[in-house]
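Down below is the structure, laid out as structure tokens.
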Amino acid sequence: MKQYVGLLLALTLCCVSSLEIEPDRSQRIVNGINAPNTPYNVYVLYLNSGNSGFFGGGSLISDRHVLTAAQNIAGFVRWEVRLGGTVFGQLSQQVSTQAVAHPNFNMANRANDIGFIVLPQPVTFTALISPIQLPPLGRGLPYENEEGMVVGFGFNTIGGDVRSDFLKVGFQRVISDSRCIGFYQITLPNHYCAEDGLQRSNVCNGDLGAGFVVSDRRIDTLVGVASLITASCDANTPTGYTRVSQYRQWIRDNTGV
């Protein structure tokens, strides 16, 4: 009897331990988890002359520049930029009236879906605010099957319409170009696709423009900008990303970064 009780206790402790380490998936990018400190991440509210618009993501690449999707820039006149933490209510804010979309951006097919917002005041780098490294010139990151992460304050449930109060993170792997073009009418290699085949984490409405980050030689590197989804919080279709390396020279020429 003692042996049976001991075994039961061991099994109970094992189960409790497993429950304790299970990540919180109650709110999500979709099927994501609460993000760690991600000091480059930026929340972007973009507004037109009629003061209407939507929100998306971006990535700090210098003390004055936020890299984002051109779809968050073209046709808009004001950008409320928040950064500096993983809790929305604790973010600091700047309001910009200057942004540049790629000159060849096409909204219909999201070709050249990349651009940058210019902050009115340079930010001070801290543990909560710092830029992300860009890929070096001439390297076509990311590679097929490479894993990266994407974070955002976007919708976190299928059919949702409320942004998350907490920054969420999902992990995806780059899929083959042949599969990618089966989902989106894109120009390769300017776009690529990535998906999470295990937890089905994915980008939602409100996350477009967010950065896809990989570890390149042990340094976090921004290699993609969220550009294409088939529906809000669709957990089964890959996300399409603008490949940052294809625009590396354009970024340098226009921002100095």
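Judged purely by atom type and a 3.5 angstrom limit, Arg248 has no side-chain atom pairing as donor or acceptor with the backbone of Leu137. With hydrogens and angles disregarded, no donor-acceptor distance shorter than 3.5 Å links the side chain of Gln121 to the backbone of Gln94. Judged by distance alone, the side chain of Asp196 and the main-chain N or O of Ser201 form a donor-acceptor pair under 3.5 Å. Checking side-chain atoms of Arg139 against main-chain N and O of Ser245 turns up no donor-acceptor pair under 3.5 Å. Side chain of Thr86 to main chain of Leu167: no donor-acceptor pair is present (N/O by atom type, distance under 3.5 Å, no hydrogens or angles). Without hydrogens or angle criteria, Thr38 side chain to Asn41 main chain gives no donor-acceptor distance under 3.5 Å. With Asn72 contributing its side chain and Leu208 its backbone, the two residues share a donor-acceptor pair below 3.5 Å. Formation of a donor-acceptor pair under 3.5 Å by the Thr68 side chain with backbone atoms of Gly57 is found in this model. Of the possible polar contacts, one joining the Asn202 side chain to the Thr237 backbone as a donor-acceptor pair under 3.5 Å is found.
Every residue meeting the side-chain contact (heavy atoms from CB on, under 4.5 Å) condition with Arg173, not counting sequence neighbours, appears here in chain and number order: Asn145, Glu147. Legend: residues meeting side-chain contact (heavy atoms from CB on, under 4.5 Å) with Ser227, ordered by chain and number and at least two apart, are Gln71, Arg110, Asp113, His191, Thr242. Not counting sequence neighbours, Tyr184 has no partner by the ring pair (Phe, Tyr, Trp, His ring centres under 6.0 Å) test. In this view, Glu146 satisfies the side-chain hydrogen bond (donor to acceptor under 3.5 Å, both in side chains) rule with no residue, not counting sequence neighbours.
Between Leu83 and Tyr40 the shortest side-chain heavy-atom distance does not fall below 4.5 Å. Using a 4.5 Å heavy-atom threshold, the side chains of Leu222 and Ser59 count as touching. Side chains of Tyr241 and Cys193 form no contact here, defined as non-hydrogen atoms less than 4.5 Å apart.
If you check the side chains of Asn48 and Arg78, you find no donor sitting under 3.5 Å from an acceptor. Checking Ser176 against Glu144 by side-chain atom types alone, no donor-acceptor pair falls below 3.5 Å. A donor-acceptor pair shorter than 3.5 Å cannot be found between the side chains of Asn112 and Gln246.
The hydrophobic cluster containing Val77 does not contain Val44, counting ILVMFWY residues as joined when their side-chain heavy atoms lie under 4.5 angstrom apart, directly or transitively. Under the 4.5 Å side-chain contact rule for hydrophobic residues, Leu60 and Val95 do not share a cluster. Hydrophobic clustering (ILVMFWY, side-chain heavy atoms < 4.5 Å, transitive): Val203 and Ile175 are in distinct clusters. Transitive grouping of hydrophobic side chains (ILVMFWY, heavy atoms separated by less than 4.5 Å) brings Phe54 and Val81 into a common cluster.
Cluster note: Met107 groups with Phe105 through ILVMFWY side-chain heavy atoms spaced under 4.5 Å, whether in direct contact or through intervening members.
Between Trp79 and Tyr43, the distance separating the two ring centers is not shorter than 6.0 angstrom. Two rings, from Phe153 and Phe166, have their centers 6.0 Å or more apart.
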Checklist entry - What do the steps show when you test Thr239 against Glu195 for side-chain contact (heavy atoms from CB on, under 4.5 Å), and what is the final call? => result CA-CA 6 Å; Thr239 301; Glu195 67 179 357; over 6 Å; no
Checklist entry - Would Ser92 and Leu128 count as a side-chain contact (heavy atoms from CB on, under 4.5 Å) if you check the C-alpha gap in whole Å, the side-chain angles of each, and the deciding distance to 0.1 Å? => result CA-CA 10 Å; Ser92 60; Leu128 296 177; over 6 Å; no
Item to check | Worked check of salt bridge (charged side-chain N to carboxylate O under 4.0 Å, His left out) between Asp207 and Lys168 | outcome: CA-CA 10 Å; Asp207 295 319; Lys168 301 296 173 179; over 6 Å; no
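The number of heavy-atom neighbours closer than 6.0 Å to CD of Gln185, taken from other residues, nucleotides and ligands shown, is 12 or below.
Between Gly115 and Leu67, the shortest heavy-atom contact is O-CD1, 3.4 Å.
Applying the ring pair (Phe, Tyr, Trp, His ring centres under 6.0 Å) test to residues at least two apart or on different chains, none of the pairs has a partner in residues 126-148.
Relative orientation of the Phe116 and Trp250 rings is tilted, given thresholds of 30° and 60° on the angle between their planes.
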